[in-house]
Number of protein chains: 2
Amino acid sequence: MHLRGAKAFKDIANFQDYHGLPEFRNAVAEFMGRVRGGRVKFDPNRIVMGGGATGANELLMFCLADPGDAFLIPTPYYPAFDRDLRWRTGVQLLPITCNSSNNFKITVEALEEAYKSATEANINVKGLIITNPSNPLGTILDKDTLKKLVTFVTQKNIHLVCDEIYSATIFRPPGFVSIAEVVQEVDRCNLDLIHIVYSLSKDLGLPGFRVGIMYSYNDQVVSCGRKMSSFGLVSSQTQHLLASMLSDEDFVGRFLGESSKRLAKRYTIFTEGLKQVGISCLNANAGLFYWMDLRPLLKEPTFEAEMALWRGIINDVKLNASPGSSFHCTEPGWFRVCFANMDDLTMETALQRIRTFVDQKKGGEVMPVKNKRWQKNLRLSFSAQIYDDGVMSPHKSPHSPMPHSPLVRARN
Amino acid sequence: MHLRGAKAFKDIANFQDYHGLPEFRNAVAEFMGRVRGGRVKFDPNRIVMGGGATGANELLMFCLADPGDAFLIPTPYYPAFDRDLRWRTGVQLLPITCNSSNNFKITVEALEEAYKSATEANINVKGLIITNPSNPLGTILDKDTLKKLVTFVTQKNIHLVCDEIYSATIFRPPGFVSIAEVVQEVDRCNLDLIHIVYSLSKDLGLPGFRVGIMYSYNDQVVSCGRKMSSFGLVSSQTQHLLASMLSDEDFVGRFLGESSKRLAKRYTIFTEGLKQVGISCLNANAGLFYWMDLRPLLKEPTFEAEMALWRGIINDVKLNASPGSSFHCTEPGWFRVCFANMDDLTMETALQRIRTFVDQKKGGEVMPVKNKRWQKNLRLSFSAQIYDDGVMSPHKSPHSPMPHSPLVRARN
């Protein structure tokens with residue numbers, strides 16, 4: 001390493017400012033604005049680092065709530081929130097029930113109902129959490145809904161936490177609307193109540209780098225979060241790399257375009273392929289997964305039947321599609337299927353297996369997968385936390401199923 | 001980037017296993033053994049990642065204690081423990097009083113006394129925390145003391161948390177003795193009670209990389225800590241770099257030798273320079289700082305006088321030496337001086353300033369530093385958390401002094 005390199009290395013390795021490298025913060029703020037079509041600007045000084053979205057989410061809970069306080073959250077929701085948001089903070093999550101009758105949209109009625117139940121039970125509701133785009137639905141919230149949510153939290157004077165970690169995975173219209181845009185348009189919006197969680201794990205495919213961001217419009221939350229960020233700062237080496245990567249506007253543009261194109265292609269192949277065997281999915285336009293409707297395959301409309309079906313898929317087909325119950329879905333029969341983190345051959349194989357499974361299931365019994373080569377190359381990866389998930393709460397039995405790994409993962 | 005590079009990058013960026021890259025875990029275990037003279041072996045499977053020692057320490061508290069539980073800790077101790085160990089966990093720290101009469105050594109009497117007071121107050125004592133080498137003392141614990149501590153925790157059936165993050169900063173005899181060696185020699189030692197916190201921030205000078213390690217002999221703690229490590233995993237990019245760096249045995253050997261030599265030189269220059277103006281320090285052989293005895297300069301033996309002296313040093317001499325009160329020292333007049341994180345010119349200047357200050361103080365009034373160039377180049381860095389510290393607890397007034405930044409830090 002020549003001297004300039006050594007000097008630069010020393011500066012980076014020694015850097016430990018809770019604010020982060022200025023070039024990193026600026027690049028992330030710039031990137032967040034770009035992903036939102038340049039319609040909003042983000043202030044680099046409001047960017048607080050957390051250890052992945054996992055750490056950023058927890059940090060926000062520690063800032064906003066005391067043990068016993070609650071946040072409302074629409075179902076179905078990301079299973080690891082039960083760990084990330086509750087485990088060490090003592091915070092409760094209270095479901096807002098959404099269902100397929102209106103494509104799992106959040107209604108003000110359901111919201112008011114959940115809030116009322118909580119207050120009647122003497123629970124201190126501190127806020128509302130939304131994921132937009134939604135994991136597991138793959139859908140986005142429209143501007144009208146977002147405005148209603150902002151109005152709701154303003155009226156109740158509770159916080160709104162917007163997890164937007166999939167904001168750059170939109171692969172077809174309509175375009176993404178960030179809460180950052182909506183707050184500019186809502187009258188008397190109390191910005192002190194609005195907080196965004198972001199990450200580069202999904203949007204840039206860098207989960208290993210542990211880049212989580214808490215962005216708050218509330219000065220006190222920024223200040224408190226900054227002090228707590230010492231528990232999950234981003235490696236300065238990684239800050240340095242990303243500052244350089246993200247400041248290459250041409251690269252970022254090509255990456256986002258290519259990523260969106262590939263996701264659209266995968267989504268179309270999968271959903272079309274399933275449609276041919278009579279399986280439909282929730283109409284989606286974002287995310288690295290889709291929400292598959294296997295209700296026609298249930299023996300009866302119960303969660304026991306859903307788990308039986310899930311075990312059948314696991315054991316006989318050697319694929320893992322996460323059952324809706326693990327996302328707190330209130331209707332049995334929905335499954336989340338990750339389609340992004342595999343190569344084309346793996347995807348084709350997985351799709352073919354699902355099709356065969358569905359065909360056999362409809363015709364009667366299922367033939368277990370026999371092909372040895374498949375079993376070897378497409379074996380399930382219970383331990384892989386490639387794109388997210390892997391709930392490992394201590395409250396769960398070690399023998400409980402861990403249904404949150406990607407659909408399938410090829411190992412070479 | 002050629003194709004092999006791209007493939008390797010993808011694998012690393014996607015890697016998100018809570019166990020860490022095997023080559024990283026192996027290299028860290030190997031390094032920890034080497035720093036301890038090869039007298040003990042560390043099991044890579046017991047290495048749990050945390051976000052710096054800060055995150056690793058907190059993680060251990062979450063694993064071992066419930067809110068309200070307490071840990072005993074000898075004074076003086078690292079001020080940020082008040083944040084790292086207590087802030088989000090609800091754990092209490094109960095001081096074990098050590099003082100200069102025996103060079104701040106931990107005695108069994110003081111230990112028993114602290115334990116007795118706690119149990120009488122109905123406090124649930126969960127363990128004992130030691131830093132070895134000590135921050136702020138720069139001293140190490142001898143084997144006999146360590147054995148007594150192990151016997152003590154075994155008898156009381158409480159945990160022993162050994163923070164050994166300065167283990168590679170020994171710069172002169174006697175050599176370092178790790179708790180890992182001692183537990184092999186104590187009869188009926190209950191290994192389930194023994195836990196080590198490690199980091200590469202001090203020993204390799206890489207605070208920016210946020211590498212914290214929790215190493216436990218207790219399987220349940222390893223398992224629980226591993227699940228929690230999602231809040232502070234080490235960036236896979238950094239794991240990859242360090243695996244490569246640490247597996248270069250020749251480099252590691254030269255680094256450790258050179259580092260030790262330079263620390264010894266700094267320590268000698270500083271302590272000899274101070275001795276000439278009648279100021280002594282606690283006899284030390286480790287760490288990046290020394291414990292300076294300014295009791296002769298106090299107007300009276302009170303903490304008010306200590307703070308007055310500290311303000312004098314800050315305002316007139318433009319240097320920051322951390323007052324003992326911030327380390328919960330029970331005797332006024334001690335100051336921690338960091339001597340490692342500055343270039344030679346800065347160090348010479350700092351030493352000269354202290355000498356001048358002491359001379360003037362003894363002779364009467366102090367002349368404030370007038371030299372503009374000094375003021376510019378050697379200005380205090382309240383915000384720099386270069387080697388550690390920077391307590392920013394929310395419980396502190398924003399106007400309270402933050403006496404934990406390094407002695408002086410040059411900016412170019």
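These figures come from a predicted structure and were not determined experimentally. Labels below follow one simple rule: chain letters A, B, ... track the order of the sequence lines, proteins then strands, and each chain is numbered from 1.
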(message) So, taking the atom named CZ in A:R88 and the one named CE in B:M61, what distance separates them when rounded to the nearest 0.5 Å?
(response) 12.5 Å
(message) Once you measure the plane-to-plane angle for B:F9 and A:F209, does it fall in the parallel (<30°), tilted (30-60°) or perpendicular (>60°) bin?
(response) perpendicular
(request) Against chain A, work out which of B:S235, B:G50, B:P67, B:G51 has the most heavy-atom pairs shorter than 4.5 Å and name it. (result) B:S235
(request) Pick out which of A:R210, A:Q237, A:Q16 makes a side chain to side chain contact (heavy atoms under 4.5 Å, CB included) with B:R210. (result) A:Q16
(request) Evaluate the side-chain proximity of A:L206 to B:N14: yes if any heavy-atom separation is below 4.5 Å, no if none is. (result) no
(request) Under 4.5 Å heavy-atom distance to chain B, tell me which part of A:V211 shows up: side chain, backbone, both or neither. (result) neither
(request) Would you mind telling me which of B:D84, B:I12, B:T89 has the largest number of heavy-atom pairs within less than 4.5 Å of chain A? (result) B:D84
(request) On the 0 to 90° scale, with breaks at 30° and 60°, tag the A:F231-B:W87 ring pair as parallel, tilted or perpendicular. (result) tilted
(message) Working to the nearest 0.5 angstrom, can you tell me the gap between A:T238 OG1 and B:L241 CG?
(response) 9.5 Å
